[in-house]
Amino acid sequence: MGDEIRRNMALFPIGIVMKLTDLSARQIRYYEQHQLIVPARTSGNQRLFSFNDVERLLEIKALIDKGVNIAGIKQVMNPVNKESQEATVITNDTEEKRKVLTDSQLYRMLKQELVTGGKRPGQVSLIQGELSRFFKQ
DNA sequence: ATTCTTACA
DNA sequence: TGTAAGTA
C-alpha cells in the first residue's frame, strides 16, 4: 500500500496548487470549508496539498464547469476518508524532511503521476488531461 | 514573498 | 467569487 501513501503525502503549498488546477486561492479554500478536500497543515498553519487533494480539486473543477453546485458535488463525490486525513497530518519532522520542492522535482513527480495515471483502474484520471498542459512540447 | 483569516462588494 | 486588510 505504498502508492497510497505517496498519493497522500502533503507536498504542495496553495500557490503551486493554484497553478496546477487553475483555481483561485479563494475557490480552493472555499471547497475546503465545505469539506470537499481536507489538506494537511504545517505547524505554521499553512496548507499542504497531496496528489489526492489536487486530483479531487480537478474533479471538483470539472463538476463546477458542468454547472454542479457544492451540494451536488457533495452527493456525487465520495467523502474524504479517515486514512487520508491521518496520512496527511504534518509533524515537525515530516515538515523538515519535506524541504522546498524545486520546480524540477515537482515536474518529475507530476510526470510520474501521469505515468501512474492516478486513482484506480476503472475510473479515468482527470489529472492526466488537466496537467498535460505542463508538458506542452 | 507567500499564505492565512475575516469581512465586505 | 474577487479583493482588501492586517498577520504570521
**OP:** Starting at the 5' end of DNA chain C, write a dot or bracket for each base, bracketing those in Watson-Crick or G-U wobble pairs whose two distances are under 3.5 Å and using | for partners on another strand.
**Re:** ||||||.|
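- Here the CG-CD1 distance, from A/Asp53 to A/Ile14, works out to 11.0 Å after rounding to the nearest 0.5 Å.
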Dump the pairs, protein N or O against N or O of nucleotides 1-3 of chain B, anything under 3.5 Å, distances to one decimal.
residue	atom	partner	partner atom	Å
B/dT3	OP1	A/Gly15	N	2.8

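- Between A/Tyr30 atom OH and B/dA7 atom P the separation is 17 Å, expressed in whole Å.
- Between A/Arg41 and A/Arg47 the shortest side-chain heavy-atom distance falls below 4.5 Å.
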Original post:
Going through the checks in order, is the side chain to side chain contact (heavy atoms under 4.5 Å, CB included) test met by A/Leu11 and A/Phe51?
Top reply: CA-CA 8 Å; A/Leu11 299 169; A/Phe51 274 117; 4.1 Å; yes
**OP:** In sequence, state the C-alpha distance, the side-chain angles, and the governing distance for A/Ile60 and A/Thr21, and then conclude on side chain to side chain contact (heavy atoms under 4.5 Å, CB included).
**Re:** CA-CA 10 Å; A/Ile60 292 168; A/Thr21 63; over 6 Å; no
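- Contact footprint of chain A on DNA chain C: nucleotides with an atom under 4.0 Å from a non-hydrogen protein atom, first to last in 5' to 3' order, C/dT1 to C/dT3.
- In this structure the side chain of A/Phe49 never reaches within 4.5 angstrom of the side chain of A/Ile16, judged on heavy atoms.
- The one candidate from A/His34, A/Arg29, A/Gln27 that meets the side chain to side chain contact (heavy atoms under 4.5 Å, CB included) condition with A/Tyr31 is A/Gln27.
- In this structure a side-chain-to-backbone donor-acceptor pair under 3.5 Å is missing from A/Asp65 to A/Ala62.
- Of all non-hydrogen atoms in A/Leu23 and A/Ile28, the two that sit nearest each other are CB-CG1, 3.9 Å.
- With contacts defined as side-chain heavy-atom distances shorter than 4.5 Å, the pair A/Ile64/A/Ile73 qualifies.
- We find the CG-NZ distance between A/Leu63 and A/Lys74 to be 14.0 Å, quoted to the nearest 0.5 Å.
- Side-chain N/O atoms of A/Arg41 include one lying less than 4.0 angstrom from OP1 or OP2 on B/dT5.
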